[in-house]
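In this chain, residues are counted from 1 in sequence order.
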Amino acid sequence: MSQDLPLDGIRVIDYSHYLAGPHMSRCLAAMGAEVIKVERPKAGDAGRASPTMVGGQSGYFLQQNMGKQGLCVNLKDPRGLELMHRLTDSADVFVENYRPGALNKLGLGYEELSRRNPKLVYCSVSAYGHTGPDAARAGFGLIAEAKSGAMSIIGSPGEPPPLFRMPIADMYAGMHGVSAICAALLGRVKSQRGQHIDIALYDCMISMHDFATQSYLMSGGKELPVQTGHDLPQSTVYGSFPARDGYLVIAAQVDENWKRFAVLIGGADYAADTRFHNQAGRNEHRVEILAKVQAWTMAQAGVKACCAALDAAGVPAAPVARIDEVLADPQTLARGMVVEQEHPLLGTIRMPNLPFRFSDCDTSPRSPAPLLGQHNRQVAASLGYADSDIAAMESAGVLYADPDVKKLGH
């Protein structure tokens with residue numbers, strides 16, 4: 001297997017915080033880009049203080065910033081801004097996720113940086129994007145998930161919508177940013193110019209809708225999707241069901257899967273009932289069918305027995321697994337979705353991996369997330385700063401590093 005990664009030779013400046021931006025640049029790092037994470041003295045990225053905390057280190061930060069170099073610089077000092085400008089002049093990509101217009105005041109807006117470096121691909125992530133009546137409003141993933149209508153169709157009727165408990169908006173925005181950046185880099189080959197990419201959490205959540213927007217638009221506004229609880233009324237049988245010791249999901253909404261499933265839960269006579277031989281019929285008799293399914297799942301020994309019987313019958317199903325079960329699952333391990341890293345302070349740590357699998361290269365993380373300011377000297381030296389200049393900026397606080405960095409000899 002070749003070790004040449006797709007984005008080898010691409011320099012990315014990550015001036016983002018928390019999740020969407022850091023996840024985006026983490027993905028770019030995995031694909032070979034040199035990613036330099038720029039933070040402010042002395043707290044750095046606010047994500048460094050997010051749980052889970054172990055030994056003063058945030059698992060949240062460690063997960064989203066592996067594979068990057070760390071630079072901590074005071075941009076309010078002219079020397080710090082000059083260093084940052086030299087850095088962006090040398091870069092291919094700049095990633096930020098501040099409120100629209102905020103970086104203009106720092107001299108790091110798109111117009112300024114693209115004037116200095118016309119080939120720069122500048123990717124912004126914000127709650128609502130850089131245009132429209134809500135552009136100036138602050139927001140987080142939760143806000144986009146609610147305002148986009150996504151939360152209105154999850155949960156049980158009459159109950160408050162549950163939280164997703166996964167950062168859907170942020171992660172989806174980050175992945176869209178990766179796609180757009182790679183496309184812009186490819187387009188730059190012909191145009192010799194970069195461009196500004198404007199990603200909004202809100203837009204990403206709206207784009208994720210499938211049946212909800214289709215139902216409303218294609219019915220002329222007559223069908224308004226609402227909470228349905230534990231299954232999809234338009235796709236019987238497709239949902240979650242209780243067993244004696246937990247829950248499982250069953251996907252028998254396709255005609256051929258239904259026929260196999262019907263034989264399993266009711267025998268040949270039940271499978272021969274023509275009322276259920278197409279999706280429209282199953283949807284019409286949904287309540288009757290769901291009662292039959294639940295009676296069958298509760299009659300088995302447990303989730304494992306249900307899934308074994310469904311697997312044998314060729315019906316797609318899975319347990320509703322706990323996280324400890326997921327992390328020990330042979331499939332998870334076979335796919336390398338948990339990676340071990342050696343952290344300079346914590347020793348061996350285990351982190352979730354990214355899902356990229358290339359035939360000719362290995363995208364495993366090459367380093368853990370940096371300590372605050374861990375690579376100040378290396379980054380400054382790469383921009384032509386002499387050792388004396390770097391030492392002077394350190395003494396003046398223009399460059400800042402966590403005290404542990406010095407202990408490690410960086």
Q: Report yes if the side chains of Cys72 and Asn376 come closer than 4.5 Å at any heavy-atom pair, otherwise no.
A: yes
Q | Salt-bridge contact Arg115-Glu112 (side-chain N to carboxylate O under 4.0 Å) | A | yes
(Q) Under a 4.0 Å threshold between the charged nitrogen and the carboxylate oxygen, would Arg48 count as salt-bridged to Glu39? (A) yes
Q) Can you tell if the side chain of Val237 reaches within under 4.5 Å of the side chain of Trp258, non-hydrogen atoms only? A) yes
Q.
Is it the case that the side chains of Ser90 and Arg11 hold a donor-acceptor pair, with the cut-off being a distance below 3.5 Å and no angle test?
A. yes
Q. Are Gln69 and Lys37 close enough that a side-chain donor and a side-chain acceptor fall under 3.5 Å?
A. no
Q: Considering non-hydrogen atoms only, spot the tightest contact between Cys306 and Trp296 and give its length.
A: O-CH2, 3.8 Å
Q. Which heavy atom in Ala317 sits nearest to a heavy atom in Leu310, and how many Å separate them?
A. CB-CD1, 3.5 Å
(Q) I need the minimum non-hydrogen distance between Leu346 and Val54, along with the two atoms involved. (A) CD2-O, 3.4 Å
Q: Measure the spacing between SG of Cys27 and CG of Leu7 and express it to the nearest 0.5 Å.
A: 10.5 Å
Q | Leu290 side, atom CG; His230 side, atom NE2 - distance, nearest 0.5 Å | A | 11.0 Å
Q | Separation between CG of Asp45 and OH of Tyr60, rounded to the nearest 0.5 Å | A | 8.0 Å
Q | salt_bridge(Asp92, Arg188) N-O dist < 4.0 Å | A | yes
Q.
Regarding Arg275 and Glu288, does a basic nitrogen lie under 4.0 Å from an acidic carboxylate oxygen?
A. yes
Q) Are the aromatic ring centres of His285 and Phe276 under 6.0 angstrom apart? A) yes
Q: Would you check, one step at a time, whether the test side chain to side chain contact (heavy atoms under 4.5 Å, CB included) holds for Leu201 with Tyr128?
A: CA-CA 6 Å; Leu201 302 183; Tyr128 297 105; over 6 Å; no
Q | Minimum-distance pair of heavy atoms, taken over all atoms of Val263 and Ala271 | A | CG2-CB, 3.5 Å
Q: Walk me through it: do Asn74 and Asp77 pass the test side chain to side chain contact (heavy atoms under 4.5 Å, CB included)?
A: CA-CA 6 Å; Asn74 179 6; Asp77 187 296; 4.0 Å; yes
(Q) Quick test of your reading of the model: are Lys147 and Asp134 salt-bridged, counting only N-O distances below 4.0 Å? (A) yes
Q) Is Val35 close to Asn65 at the side-chain level, that is, under 4.5 Å between some pair of heavy atoms? A) no
Q: Classify the side-chain pair Ser124/Glu96 by whether it contains a donor and acceptor separated by less than 3.5 Å.
A: yes
Q | Close side-chain approach of Asn97 to Pro22, heavy-atom, < 4.5 Å | A | yes
Q. Going through the distances and angles, do Leu108 and Met84 end up as a side chain to side chain contact (heavy atoms under 4.5 Å, CB included)?
A. CA-CA 9 Å; Leu108 296 176; Met84 185 65 162; 3.7 Å; yes
Q: Anything under 30° is parallel, anything over 60° is perpendicular, the rest tilted; go ahead and classify Phe358 against Phe356.
A: tilted
Q | Minimal non-hydrogen separation, Asn117 against Ala91, with atom names | A | ND2-O, 2.9 Å
(Q) Less than 4.0 angstrom from a charged side-chain N to a carboxylate O is my criterion; do Asp89 and Arg86 meet it? (A) no
Q. Side chains of Thr297 and Ile250: closer than 4.5 Å at any heavy-atom pair?
A. yes
Q.
Can you tell whether the side chains of Asp255 and Arg282 come within less than 4.0 Å, N to carboxylate O?
A. yes
Q.
Taking the side chain as everything from C-beta on, heavy atoms only, tell me whether Cys204 gets closer than 4.5 Å to Ile199.
A. yes
(Q) With no hydrogens and no angle check, just 3.5 Å: does a side-chain donor-acceptor pair link Arg260 and Asn257? (A) yes
Q. Can you tell me how far CG of Leu120 sits from NE2 of His196, rounded to the nearest 0.5 angstrom?
A. 10.0 Å
Q) About how many Å separate CE of Met208 and CD of Glu145, when rounded to the nearest 0.5 Å? A) 8.5 Å
(Q) One thing to verify: whether Glu394 and Arg377 come together as a salt bridge, which I'm taking to mean a side-chain N less than 4.0 angstrom from a carboxylate O. (A) yes
Q. Judged by modelled atom types alone, do Asn283 and Thr236 share a side-chain donor-acceptor pair under 3.5 Å?
A. yes
Q. Between Asp14 and Arg26, is there a side-chain N and carboxylate O pair less than 4.0 Å apart?
A. no
Q.
Under the criterion side-chain hydrogen bond (donor to acceptor under 3.5 Å, both in side chains), I'd like the reasoning laid out for Glu342 against Thr348: C-alpha separation, chi angles, the key distance, then a yes or no.
A. CA-CA 5 Å; Glu342 289 302 317; Thr348 302; 2.4 Å; yes
Q | Test of ring centre spacing under 6.0 Å for His17 and Tyr98 | A | yes
